[in-house]
Amino acid sequence: MRLHEYQAKLILSRYGIPIPRGRVASSANEAKQIAEELGLNTVIKAQVLVGGRGKLGGIRLAKSPKEAEDLATQILGMEIKGMPVRRVLVDEAVSIQKEIFLGLTYDRESRLPVMIASSMGGIDIEETARKSPEKIQRMLINPLIGLRDYQVRDLILNIDLPKPFWRAFIEAAQGLWRAYSESDATLLETNPLVITADQRLIALDCKMIIDDNALYRHTALQELRDLDIEPAEELEAHKYGLSYVPLSGSIGCLVNGAGLAMATMDIIRHFGGMPANFLDIGGGATSEKVSAGLRIILSSPKVRVVLVNIFGGITRCDEVAKGIMSAVMTAKVHVPLVIRLVGTHAEEGLRMLADANLIIADTLADGAQKAVSLVKGISYEYPD
Ligand code: GDP
Ligand code: MN
């Protein structure tokens with residue numbers, strides 16, 4: 001789950017990292033009021049979960065509350081990379097002397113958290129990594145020990161940070177580390193962290209991604225999820241505890257178990273088809289869950305056929321059949337369903353499906369071939 005800039009910066013400030021004065025607004029009038037309260041020049045920043053807002057007109061400087069209102073009107077009417085802007089952050093504008101990059105993420109190779117710092121702040125870090133990799137400093141962190149001050153000093157020595165800011169930088173780095181580990185983040189970066197003309201070190205921008213698999217133990221963070229931007233099917237899948245990933249093909253897949261779901265997608269590709277989704281209903285799924293899964297798959301206009309592949313162990317085939325029947329009765333099923341059911345209570349399951357005019361397959365290969373032949377002639381959009 002990715003947080004908005006204003007949410008992430010509030011978390012930073014709770015960990016002692018200075019941020020600009022300011023607040024989020026959802027109307028131009030509110031933006032004007034905030035600018036009046038601040039009594040300073042302000043920056044109006046679009047709150048959308050995409051990078052590079054600045055270049056696309058999503059960050060503007062306002063010299064008066066009236067101008068803040070006008071710019072907020074403009075920005076609130078924008079779409080940035082397809083995302084409508086619903087809120088703007090109204091922050092005090094600062095005059096920048098130096099821009100630094102400071103971030104934390106996981107280093108997959110060493111399987112450790114890594115702190116990354118660069119004197120080339122303010123611009124895209126990926127671009128810096130490509131063009132001048134020597135400008136990027138990395139420090140691996142032992143999560144059991146935590147970040148040590150000497151490690152931060154090592155980073156400092158390579159980013160041309162003036163000495164008077166060392167103490168503040170170490171405190172910011174420690175705050176960032178605590179915010180990162182205590183929130184179960186997978187990414188936390190502030191770019192730019194700036195030195196202002198009036199000699200403050202503050203985080204102007206922040207990007208934070210929380211590990212979805214850890215959200216269950218962060219009730220306060222769960223509330224920050226922006227429901228406006230998540231596709232309805234994914235919210236629905238989340239509600240029923242289904243693992244669902246939409247893809248670009250035309251063959252919907254309803255499978256029990258992540259491994260079998262992957263194998264099902266592979267075999268569809270093997271026979272020349274393209275899966276429309278990954279969906280794992282999990283072990284021992286109830287008929288409600290199965291029915292919800294099928295409805296989610298069918299809600300996509302791309303789906304031309306659904307392949308149900310169940311290898312019943314803990315999952316009972318009759319329970320799955322009941323779920324399929326309930327979805328068939330309630331949702332308008334406009335596409336053929338190919339069904340392969342084996343294992344626990346398979347005979348009962350197949351008997352329940354007998355009247356429903358579904359296409360029964362004996363094996364996975366048989367099911368995949370039947371599904372692929374039903375969508376023959378449909379061209380696919382292959383992912384990048
Ligand atoms: P991003 O483009 O989405 O990463 O948005 P940022 O918040 O990082 O802003 C991009 C750039 O806008 C920064 O690197 C700054 O150069 C500039 N910027 C943002 N806030 C201010 C501000 O208060 N004063 C000044 N002078 N520039 C700012
Ligand atoms: Mn930025």
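Note: hydrogens, waters and symmetry copies are ignored here, and every other heavy atom, side chains too, is used. Numbering of ligands and ligand atoms starts at 1, following listing order. The residues of the chain are indexed from 1 along the displayed sequence.
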Visitor: Below 4.0 angstrom from a heavy atom of Ala93, which ligand 1 atoms are there? Numbered from 1 as shown, please.
Guide: 23 (O)
Visitor: Establish whether atom 12 (O) of ligand 1 and some protein heavy atom are separated by less than 4.0 angstrom.
Guide: no
Visitor: With a 4.0 Å cut-off on heavy atoms, is Ser95 touching ligand 1?
Guide: no
Visitor: Is a salt bridge present between Arg53 and Asp205, judged by a nitrogen-to-oxygen distance below 4.0 Å?
Guide: yes
Visitor: Using the salt bridge (Lys or Arg N to Asp or Glu O under 4.0 Å) rule, take Asp149 and Arg167 through it: C-alpha gap first, then chi angles, then the decisive distance, then the call.
Guide: CA-CA 10 Å; Asp149 284 358; Arg167 191 68 249 159; 3.8 Å; yes
Visitor: Please evaluate residues Arg111 and Asp107 with respect to the criterion salt bridge (Lys or Arg N to Asp or Glu O under 4.0 Å), reporting the C-alpha separation (whole Å), side-chain torsions for both, the decisive distance (0.1 Å), and the verdict.
Guide: CA-CA 6 Å; Arg111 286 176 277 173; Asp107 179 56; over 6 Å; no
Visitor: Which ligand 1 atoms does Asp205 reach within 4.0 Å, using its non-hydrogen atoms?
Guide: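 So the atoms of ligand 1 that pass are 1 (P), 4 (O), 5 (O), 6 (P), 7 (O), 8 (O).
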Visitor: Would Tyr15 and Glu182 satisfy side-chain hydrogen bond (donor to acceptor under 3.5 Å, both in side chains), going step by step from the backbone distance to the final call?
Guide: CA-CA 10 Å; Tyr15 283 89; Glu182 287 173 21; 2.7 Å; yes
Visitor: Got the closest protein heavy atom to atom 14 (O) of ligand 1, with its distance?
Guide: Glu99 OE2, 2.7 Å
Visitor: Which ligand 1 atoms are under 4.0 Å away from a heavy-atom of Lys45?
Guide: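 Per the distance check, 7 (O).
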Visitor: Under 4.0 Å from any heavy atom of Gly122, which atoms of ligand 1 are there?
Guide: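 Result: 14 (O).
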Visitor: Does the protein put a heavy atom under 4.0 Å from atom 25 (C) of ligand 1?
Guide: yes
Visitor: Round to 10° and report the angle made at the Mn ion (ligand 2) by O of Asn191 and OD2 of Asp205.
Guide: 100°
Visitor: Can you tell whether the side chains of Arg23 and Glu37 come within less than 4.0 Å, N to carboxylate O?
Guide: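 Looking at Glu37 together with Arg23, the answer is yes, because their closest N to O distance falls below 4.0 Å.
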Visitor: Looking at ligand 1, would Lys55 count as a contact under a 4.0 Å heavy-atom criterion?
Guide: no
Visitor: Against heavy atoms of Ile59, which atoms of ligand 1 measure under 4.0 Å?
Guide: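 Answer, ordered by atom number: 5 (O), 6 (P), 7 (O), 9 (O), 10 (C).
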Visitor: Can you pull out the closest protein heavy atom to atom 23 (O) of ligand 1? Residue, atom name and distance to 0.1 Å, please.
Guide: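 Minimum-distance protein heavy atom for atom 23 (O) of ligand 1 reads Val94 N, 3.0 Å.
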Visitor: Please state which protein non-hydrogen atom is closest to atom 3 (O) of ligand 1 and give its distance, to 0.1 Å?
Guide: Arg53 NE, 2.7 Å
Visitor: Determine, for Glu5 against Lys45, whether the closest basic-nitrogen to carboxylate-oxygen distance falls under 4.0 angstrom.
Guide: yes
Visitor: Is there a path of hydrophobic side-chain contacts, each under 4.5 Å between heavy atoms of I, L, V, M, F, W or Y residues, that connects Phe169 with Ile195?
Guide: yes
Visitor: So, does Asn256 use its side chain to make a donor-acceptor pair with the main chain of Phe311 at under 3.5 Å?
Guide: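 Yes.
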Visitor: Starting from atom 2 (O) of ligand 1, what is the nearest protein heavy atom, named by residue and atom, and what distance separates them?
Guide: Gly54 N, 3.5 Å
Visitor: For Asp91, which part has a heavy atom under 4.0 Å from ligand 1: side chain, backbone, both, or neither?
Guide: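 Neither; nothing of Asp91 gets under 4.0 Å from ligand 1.
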Visitor: Give the contacting part of Ile96 toward ligand 1: side chain, backbone, both or neither, where contact means a heavy-atom distance below 4.0 Å.
Guide: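 Side chain only; the backbone of Ile96 stays clear of ligand 1.
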Visitor: Using a strict cut-off of less than 4.0 Å between a Lys/Arg side-chain nitrogen and an Asp/Glu carboxylate oxygen, indicate whether Lys55 and Asp124 qualify as a salt bridge.
Guide: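 Looking at Lys55 and Asp124, the cut-off is not met.
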Visitor: Could you work out, for atom 18 (N) of ligand 1, the closest of Asp124, Leu204, Thr190 by heavy-atom distance?
Guide: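 The nearest heavy atom belongs to Leu204.
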Visitor: For the residue pair Asp211 / Thr186, report whether a side-chain donor-acceptor contact shorter than 3.5 Å exists.
Guide: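 No, no side-chain donor-acceptor contact under 3.5 Å.
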Visitor: More than 12 foreign heavy atoms under 6.0 Å from CG of Leu140: is that the case here?
Guide: yes
